[in-house]
4 protein chains.
Amino acid sequence: MPDASPTRWHLAHTTWFFETFLLKSVPGYQIFDERFEYLFNSYYNSVGQQFPRNRRGQISRPDLARVLEYRYYVDERIQQLVLTPDCPLAVRNIVELGLHHEQQHQELIFTDIKHALFGNPMFPSYHQASGAKECAADMPAARNMDWHQCDGGVVEIGADEQPFSFDNETPCHTALLQPHRIALRCVTNGEFEVFIREGGYRQPEYWLSMGWQIVNQEGWSHPLYWIPMGDEYREFTLCGLCELQPNAPVCHLSYFEADAYARWAGKRLPTEFEWEAACRARSSGEAFADHLLDSNLPVHPRCEVLTGSENWLGNLWEWTNSQYGPYPGYRPVAGALGEYNGKFMCNQFVLRGGSCATPGEHIRPSYRNFFPPDARWQFSGIRLADQPE
Amino acid sequence: MPDASPTRWHLAHTTWFFETFLLKSVPGYQIFDERFEYLFNSYYNSVGQQFPRNRRGQISRPDLARVLEYRYYVDERIQQLVLTPDCPLAVRNIVELGLHHEQQHQELIFTDIKHALFGNPMFPSYHQASGAKECAADMPAARNMDWHQCDGGVVEIGADEQPFSFDNETPCHTALLQPHRIALRCVTNGEFEVFIREGGYRQPEYWLSMGWQIVNQEGWSHPLYWIPMGDEYREFTLCGLCELQPNAPVCHLSYFEADAYARWAGKRLPTEFEWEAACRARSSGEAFADHLLDSNLPVHPRCEVLTGSENWLGNLWEWTNSQYGPYPGYRPVAGALGEYNGKFMCNQFVLRGGSCATPGEHIRPSYRNFFPPDARWQFSGIRLADQPE
Amino acid sequence: MPDASPTRWHLAHTTWFFETFLLKSVPGYQIFDERFEYLFNSYYNSVGQQFPRNRRGQISRPDLARVLEYRYYVDERIQQLVLTPDCPLAVRNIVELGLHHEQQHQELIFTDIKHALFGNPMFPSYHQASGAKECAADMPAARNMDWHQCDGGVVEIGADEQPFSFDNETPCHTALLQPHRIALRCVTNGEFEVFIREGGYRQPEYWLSMGWQIVNQEGWSHPLYWIPMGDEYREFTLCGLCELQPNAPVCHLSYFEADAYARWAGKRLPTEFEWEAACRARSSGEAFADHLLDSNLPVHPRCEVLTGSENWLGNLWEWTNSQYGPYPGYRPVAGALGEYNGKFMCNQFVLRGGSCATPGEHIRPSYRNFFPPDARWQFSGIRLADQPE
Amino acid sequence: MPDASPTRWHLAHTTWFFETFLLKSVPGYQIFDERFEYLFNSYYNSVGQQFPRNRRGQISRPDLARVLEYRYYVDERIQQLVLTPDCPLAVRNIVELGLHHEQQHQELIFTDIKHALFGNPMFPSYHQASGAKECAADMPAARNMDWHQCDGGVVEIGADEQPFSFDNETPCHTALLQPHRIALRCVTNGEFEVFIREGGYRQPEYWLSMGWQIVNQEGWSHPLYWIPMGDEYREFTLCGLCELQPNAPVCHLSYFEADAYARWAGKRLPTEFEWEAACRARSSGEAFADHLLDSNLPVHPRCEVLTGSENWLGNLWEWTNSQYGPYPGYRPVAGALGEYNGKFMCNQFVLRGGSCATPGEHIRPSYRNFFPPDARWQFSGIRLADQPE
């Protein structure tokens, strides 16, 4: 799976980020190992060539001990840099960006480990056995599907650069919404199973043409981590193989599956602007993921009854039907860091909301995540939208 | 090239369209050849399986004589059907759709023949020799780049179903434009050559990530039909190999190249809404392509000085930076004809304006064409946009 | 199918062979069209670059009329050359080679047309309707499997250069045979059907590892041109779709299938030396294919009862278990013509005997044909061998 | 690289071999972990499905500790089995086969680690630094190329089953050799460098057609582990990156390269029978590899002057021009173990002699190794042969 990387690589790459964009320009700084520049560059062409992504898993050296040494070495020097009394704002901004970058990789470590363990026919568990029980715990019934009504009109979308936002959330601008309604909870496993049992994966009329091609080519007939056993499904989670929880939100869907489900249900996916406006109107802003961590619960999305809130943030990445593009007047950051977001504005769809694997501080209503429409290894799910009643 | 089909296939497929969506439901109609249902279905899953697209060129039977027999057979019965005094509106609407469908394939016949001849190392000419001279005729210098200024605001976008429009142009709806300006002519070969000579194809900072990958993988270093000879370029046209005309509009570009050029030029591509609003404001509505036909000129785009107008319609398909998606409240036509447009709303960009190969009656300001961002075999070019001065 | 070429290409390529290896060195010879050197070179690196094999089918020009013009032009000049009183032996030898080369392509025209028509879901017939009846005519029952016994020992293998042989049949040399027996007829459709019905294509123990991989990857479950219809099979022939003749020899098998069948039958395939020794001992030397032509019969293999002989030559290419390599002391012809045979001595198996599509004069006991073990589009079948009783 | 596996996999697979083919049929034996049957089956279809070879490197569990546990568990029970007073011969034969199987994987561990480290742009060393010096030690000049002359005639080839041989070396049989001569040492790095500098990799006339295709496709221009640095080459060895030793034997060549070199040199590769006859005539039977181990020298081939013998065994796998096939009367072992050798008799060439990584006891004159002609990751080199002077 070329999208996933080993944990050791994530640890080294996030360290490389700080070294490359901060320390290398500090006078007198001694580069830890010249060869890491190539080895741990992800996609920054302005910095130089990159070690091929699909071979990251094949590199046995530097081993973990050496990578940790690298981290301590760089961390120490970054701390010195930041604590310098006259540390300029530009430097502090890149440190902040580096921390947010690291948070993104914290999430990827979860999703990549999950994918790697799933590729093992023994289905190993990431969490301890006790956690496994938690994942399998029977969730209470989901509530009826309630809706947030919106009359449309011009709204403010996006973020200012302060406190922190990625460049792709800027500039703050106006957008025109049409009247619509948007669901107050995500689609559940149980609801999605009806779609499957009624032949959803076998009927081309629900699918985008490209999605239908992939369904047939790859033989998709259920979400990524579902495993048919006799007449039922099990679900692979970070607690190993579990019974499928009908009331938990369905996750690890591609855009194609989310979109096909919505069409089958006579609904549609929201635009990213509809989503953002609704989130601002309804959410307390608290991310549900923090709660998981505090409670020592396994990393897995939960239904809104369990959490007692609408779960706009920190439960599931929710596919929107907005293709990922620049906001009016968008300008990427100058220099190599401008490669962070802008160059991916093509053939990707926007996801909103952050997942149970996203660090809680990392997510906000204006946050735009993006993945190609066939990507399934993130905790991604469905919130429906519709014309107003 | 899986995108292109033989002329014989186009002739049979457009006939199949009329037979399938009209004649098959006429009581007593005798199907011409049952096996054509499979052979000449392009992508209508609701109708049935399709003969694989990439094998269309390998089928030697039915031969041309038999396909023409098919056309006469179907044409005759369609005429009878339409001339029936009480022919219902629904039938007449499908006939109209079938005619517009045929016009689309008329255009594809040009672009597919051009591509096939280009694949032949002998570079045969489609037009007679006299035409060749026309293509090579030195075009007058392009005008300065003038701009249409727009203050932004809410505009009407799209078409009603009457007189005729495709479903993807509907419903008519409001959109919010930001202030901007949009060029009054397209970028020329000469201007694009500067981009090449200044290293545009070798500098990743101008390119979307996916575009940069293709540039390297495919070794792109100039537009599709340009051929380097010594220090200069020649251009393959439907008149064969010609000298490159610096003042003609550059064409046969992918979205990636159009977008990279715009970034290099410090500009951007227009959104499809900006384009539509400007076209409505400036264009007479007359398509330039008709003029070519009337004047017996070769099928090739021309500069605006030659044509004496701004060439919004019928010269070049102009890439917009809008990814192809549904308009608010969009509903595809019911039944198999609903597969016409909606299922392709993914990983494609919108092009506007119609090209010199588009039948003149076929194009209009609200018309939305769409291709994947790496497609180059259509007559596609660049109109720049920008923030207002 | 990259192995097959259009008829027009065969006609041009065999002409190119004469022009390239003979006429180009004649003083004053005017090359017909310089661009053909590249276009119709098959694989002679010493001559120059070659137009890609898999794109041969995409070239619409030169059209048939122009290719025939080319043939007349070259033929005329070759005749002049040969009729020159003092035409040197070296020249006459290349003319002879060119004629044998042309005979090889005569065979390929049949097999390539058959393959192209098979790719058409309408299954067009090459022969007229009357021929179709012939192919479908019920063949008399095959005889019991009789055997030619051989005690082994040292035998002469190969050919001298006179009268004519390809370089890969030389030098004539001794080989040591072990005692064995070899069948007097080929395996029939009926016998092969038993192999299929007893699960031959589903049991890995009969298959070479690489064969088993292809069986699974390509979903092979019967010979190339068999088509399951209900409980039975039909066979596509040059007469179109026919009933399967149980007593006709099974054909269009890969080496993998021939070898698996032999293993299932508790036998093996002969070595090419065993085959050659048996053919010399038993065959009159007359090729059966000539008989087909004389009798205006369709091009298809027949059972030995029909032909009244053992059919060693001119019925089916018979797979041997000998991998194609050089004879001891083998030296390819000098110069570009040395690329004819020697450079293919790798990952191919030898076939002996010539098929019903091989011109009768072209085949002889020492003739070595060779194809990769997965090739199926030639008229290839099975003759069994075994340890002596 | 799908041919190479992680060390952990080799350890588990060889253990699996003993468990599967011996312990599973012992009454009362408790299988260590049922899931290992699938996970560590290499290619035995009779045993069941196999975990895909190209994903072996992606499995992080069972980890090393668990695999070693598996080994101790199985080893202990095998010892009990063998020490049983009435242990039947059939069982002891499989134990012996299992040990030879394990020796083969001991060699693969070296070659696979070497390949993995080479894929790392940091070029880590397997041996300690002192070893690195050894690899780089300047070797004495190679001797002139002397030859073993052979008049041809009938010779005995192959092995009896006793003491031990693999089934593919049997049955012992006669073969007819033509007069020839065969070199007394292998080709050196220095000699091979002349081939490179004279354009060997750029001239198609030296190459088999399939080899030439790979050379161009993969951009081969030197042996696998050579790295051009300025005007010179370095060689990656198990001691890391070293200076190229001109007098050491050239290694890590494909058949295509060995064959092209021989053709360029006006020679040829020996047949496997010529090689076996010469080895029997000249070699003491002692494998050079044992000497390396005893002397604590790095695993790398050496020139014959250093070793003081002709190095027929235990230095380099030597490509022969014999394609790998069955000996006359060959019968694979019955049952699943029959999949060991016979099913690979297709599209592979025979290598003889064993390499510096082969355990010394494992190799013998009749031993037949086999690899596809493009395989390069084994210690494989060139011994020339020729017609007699």
Side-chain angles (χ1 to χ4, degrees), chain B residues 1-10 12 16 31-41 48-67 69-70 109 112-128 227 236 238-241 377, chain C residues 1-10 12 16 31-41 48-67 69-70 109 112-128 227 236 238-241 377:
Chain B
M1 226 288 275
D3 288 330
S5 304
T7 302
R8 194 158 38 88
W9 185 90
H10 287 297
W16 169 95
I31 285 173
F32 183 76
D33 188 324
E34 294 280 358
R35 300 168 301 181
F36 289 5
E37 175 171 312
Y38 168 65
L39 214 49
F40 298 120
N41 182 354
Q49 296 284 311
Q50 300 113 43
F51 187 71
R53 184 168 195 162
N54 59 357
R55 286 175 50 202
R56 284 179 193 164
Q58 296 165 19
I59 293 298
S60 57
R61 320 264 161 109
D63 58 16
L64 182 59
R66 179 80 177 151
V67 166
E69 215 181 305
Y70 181 37
I109 287 173
D112 293 2
I113 286 178
K114 184 169 182 179
H115 193 271
L117 296 181
F118 179 66
N120 188 322
M122 299 170 66
F123 298 124
S125 165
Y126 170 83
H127 290 297
Q128 297 302 323
I227 294 172
F236 178 74
L238 282 164
C239 306
L241 216 48
W377 96 113
Chain C
M1 227 289 276
D3 288 330
S5 304
T7 302
R8 195 157 39 88
W9 185 90
H10 287 297
W16 169 95
I31 285 174
F32 182 76
D33 189 323
E34 295 279 359
R35 299 167 303 179
F36 289 5
E37 174 170 311
Y38 168 64
L39 214 48
F40 298 120
N41 182 356
Q49 296 283 311
Q50 301 113 43
F51 187 70
R53 184 168 194 162
N54 58 358
R55 287 175 49 201
R56 284 179 194 165
Q58 295 165 18
I59 293 298
S60 57
R61 321 264 163 111
D63 59 16
L64 183 59
R66 178 78 176 151
V67 166
E69 214 181 306
Y70 181 36
I109 287 173
D112 293 2
I113 285 178
K114 184 169 182 179
H115 193 272
L117 295 181
F118 179 66
N120 188 322
M122 300 171 66
F123 298 125
S125 165
Y126 169 83
H127 289 298
Q128 296 303 324
I227 293 171
F236 177 74
L238 282 165
C239 306
L241 216 48
W377 95 115

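The sequence lines fix the lettering, A, B, ..., with proteins before strands; numbering per chain opens at 1. Remember, it's a predicted structure, so these values are computed and weren't measured experimentally.
Shown here are the ring pair (Phe, Tyr, Trp, His ring centres under 6.0 Å) partners of Y126(C), two or more places apart in sequence or in another chain: F110(C). Applying the salt bridge (Lys or Arg N to Asp or Glu O under 4.0 Å) rule to R35(C) yields the partners D33(C); only residues at least two apart in sequence or on another chain are considered. Partners of F32(B) under the ring pair (Phe, Tyr, Trp, His ring centres under 6.0 Å) rule, at least two apart in sequence or in another chain, are F36(B), Y70(B), Y73(B).
Side-chain contact between D112(C) and W377(C) is present, with heavy atoms from C-beta onward closer than 4.5 Å. For the pair L39(B) and W16(B), the minimum side-chain heavy-atom distance is 4.5 Å or more.
Remark: side-chain polar atoms of R55(B) are paired, donor with acceptor, to backbone N or O of G119(C) under 3.5 angstrom.
Contacts from residues 1-8 of chain C to chain B, taken as heavy-atom pairs separated by less than 4.5 Å, involve no residues at all.
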